[in-house]
Amino acid sequence: MRTELPSQHGEQLLLKNILANVSPYRALDSAQLDQIVESSLPLRLYGQKEVIRQGEAAKGIYVVIYGQVKIYVGSKHGPHKVLAILSHDNCFGLAETFLDKPHGASVETTSDAMVVLAPREKVLELARQNGAFFEQLMTCAARQTHGLIRDVQRQSSSSAPQRLAGYLLRQCEYQSSQEIELSVSKTVIASHLDITSETFSRLLKRFTSLGMIEVHGRHIRVLDSEKMQTLQPA
């Protein structure tokens, strides 16, 4: 179920302040931000909820305000494949917006989240008016493309232990701590790393027995990052 924020002045002012501090809307001036706020659809989503269905027509650009979403493609012959996991200050729907093509993948929240949908027509109008805004949009799109290519390269050139070690080390960097929290399910992470859930659990036990990590539910403490680094491909 999708819940819209009330369209009262106070809520609009709050939304304007939020969008002014997230990509790509930092590049807009105050008047242009007002246009985005007036035409946007803020969505508060609770639990695991569908945001976009594969094959759905493009509506515009979505920005994650809090929480996380997963981008995935379905499969008739097995579990779906997770292409990306996006969190705060990430946007999606860019390619479909500019190409006016149906979405090639589905998007679903992984927990409570808020995303804001800016309609395609307004985004394109402001992109024509504001070169810095257009550049920010292209940067978001390029970052996602680069990330997808990088993930494919890792999956094709790295072993399962190397992929998991790399993921845990990147989470340490992202969360600025040796003790990290898995904010999405192990099944989602396993799909993103192109391994099975069973392999994911088995590798966690192996890393634990080797003294590299400690696991307490969703919390993982990296004890020996140097040893994990040695697992990485040269």
Side-chain angles (χ1 to χ4, degrees), residues 1-5 19 22-25 27-28 35-130 133-153 155-156 184-185 187-189 191-194:
M1 179 180 179
R2 300 179 179 183
T3 305
E4 299 180 24
L5 290 173
L19 293 183
V22 298
S23 298
Y25 300 116
L28 297 177
Q35 294 181 49
I36 283 290
V37 169
E38 291 170 3
S39 60
S40 291
L41 178 62
L43 304 168
R44 282 180 174 144
L45 304 151
Y46 301 96
Q48 298 179 351
K49 294 293 186 298
E50 180 182 82
V51 181
I52 294 172
R53 182 175 300 174
Q54 188 173 346
E56 184 178 307
K59 296 178 181 178
I61 292 176
Y62 298 77
V63 175
V64 182
I65 305 302
Y66 64 77
Q68 288 186 319
V69 301
K70 66 177 181 180
I71 301 177
Y72 67 95
V73 292
S75 172
K76 297 180 180 179
H77 308 292
H80 60 239
K81 167 62 180 172
V82 177
L83 302 176
I85 302 170
L86 305 179
S87 55
H88 167 70
D89 210 18
N90 280 274
C91 46
F92 54 96
L94 289 160
E96 293 82 0
T97 292
F98 278 94
L99 296 174
D100 194 18
K101 297 289 186 180
H103 287 277
S106 297
V107 181
E108 181 180 282
T109 57
T110 60
S111 60
D112 292 355
M114 178 179 174
V115 298
V116 176
L117 167 62
R120 179 176 183 273
E121 294 76 12
K122 179 57 66 175
V123 169
L124 295 179
E125 176 187 334
L126 292 177
R128 287 189 289 267
Q129 297 174 5
N130 187 322
F133 178 55
F134 177 75
E135 183 177 343
Q136 285 295 312
L137 292 172
M138 293 301 98
T139 298
C140 289
R143 188 181 296 121
Q144 289 185 20
T145 301
H146 177 72
L148 182 58
I149 293 173
R150 182 187 57 205
D151 288 340
V152 171
Q153 289 174 333
Q155 293 169 10
S156 61
V184 295
S185 71
T187 301
V188 171
I189 297 172
S191 176
H192 183 51
L193 298 177
D194 201 27

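Every value quoted in this text rests on a predicted model; they were computed, and no experiment measured them.
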Inset, instruction - Measure the acute angle between the ring planes of Y62 and F92, then classify it against the limits of 30° and 60° as parallel, tilted or perpendicular. - result: parallel
Legend entry - Nearest-0.5 Å distance, CG of residue L45 to OG1 of residue T110: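 Atom-to-atom, L45:CG and T110:OG1 are 11.0 Å apart.
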Taking atom [atom1] of [X] as the centre, report whether more than 12 heavy atoms of other residues, nucleotides or ligands fall under 6.0 Å from it.
X	atom1	answer
E135	CD	no
K81	NZ	yes
F98	CZ	yes

Legend entry - Heavy-atom pair of closest approach, residues D100 and R120: CB-NH2, 3.3 Å
Inset, instruction - Identify the heavy atoms of G104 and E96 that sit nearest to each other, and give their distance. - result: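 For G104 versus E96, the nearest heavy atoms are N-OE2, 3.8 Å.
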Can you give each donor-acceptor pair under 3.5 Å made by side-chain atoms of residues 65-72, sequence neighbours left out, with the distance rounded to 0.1 Å?
{"residue": "Q68", "atom": "OE1", "partner": "S183", "partner atom": "OG", "Å": "2.7"}
{"residue": "Q68", "atom": "NE2", "partner": "S183", "partner atom": "OG", "Å": "3.3"}
{"residue": "K70", "atom": "NZ", "partner": "H80", "partner atom": "NE2", "Å": "3.2"}

Hey, does the side chain of [X] reach the backbone of [Y] with a donor-acceptor pair shorter than 3.5 angstrom?
X	Y	answer
D112	Y46	no
D151	L148	no
N130	A27	yes
S40	V116	no
S111	V184	no

Legend entry - Side chains of V63 and P24 in contact at under 4.5 Å (non-hydrogen atoms): yes
Legend entry - Non-hydrogen side-chain atoms of L28 and Q35 separated by less than 4.5 Å: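 No, their side chains stay 4.5 Å or more apart.
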Legend entry - Set of side chain to side chain donor-acceptor pair (under 3.5 Å) partners for D89, sequence neighbours left out: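 Applying side chain to side chain donor-acceptor pair (under 3.5 Å) to D89 gives R26.
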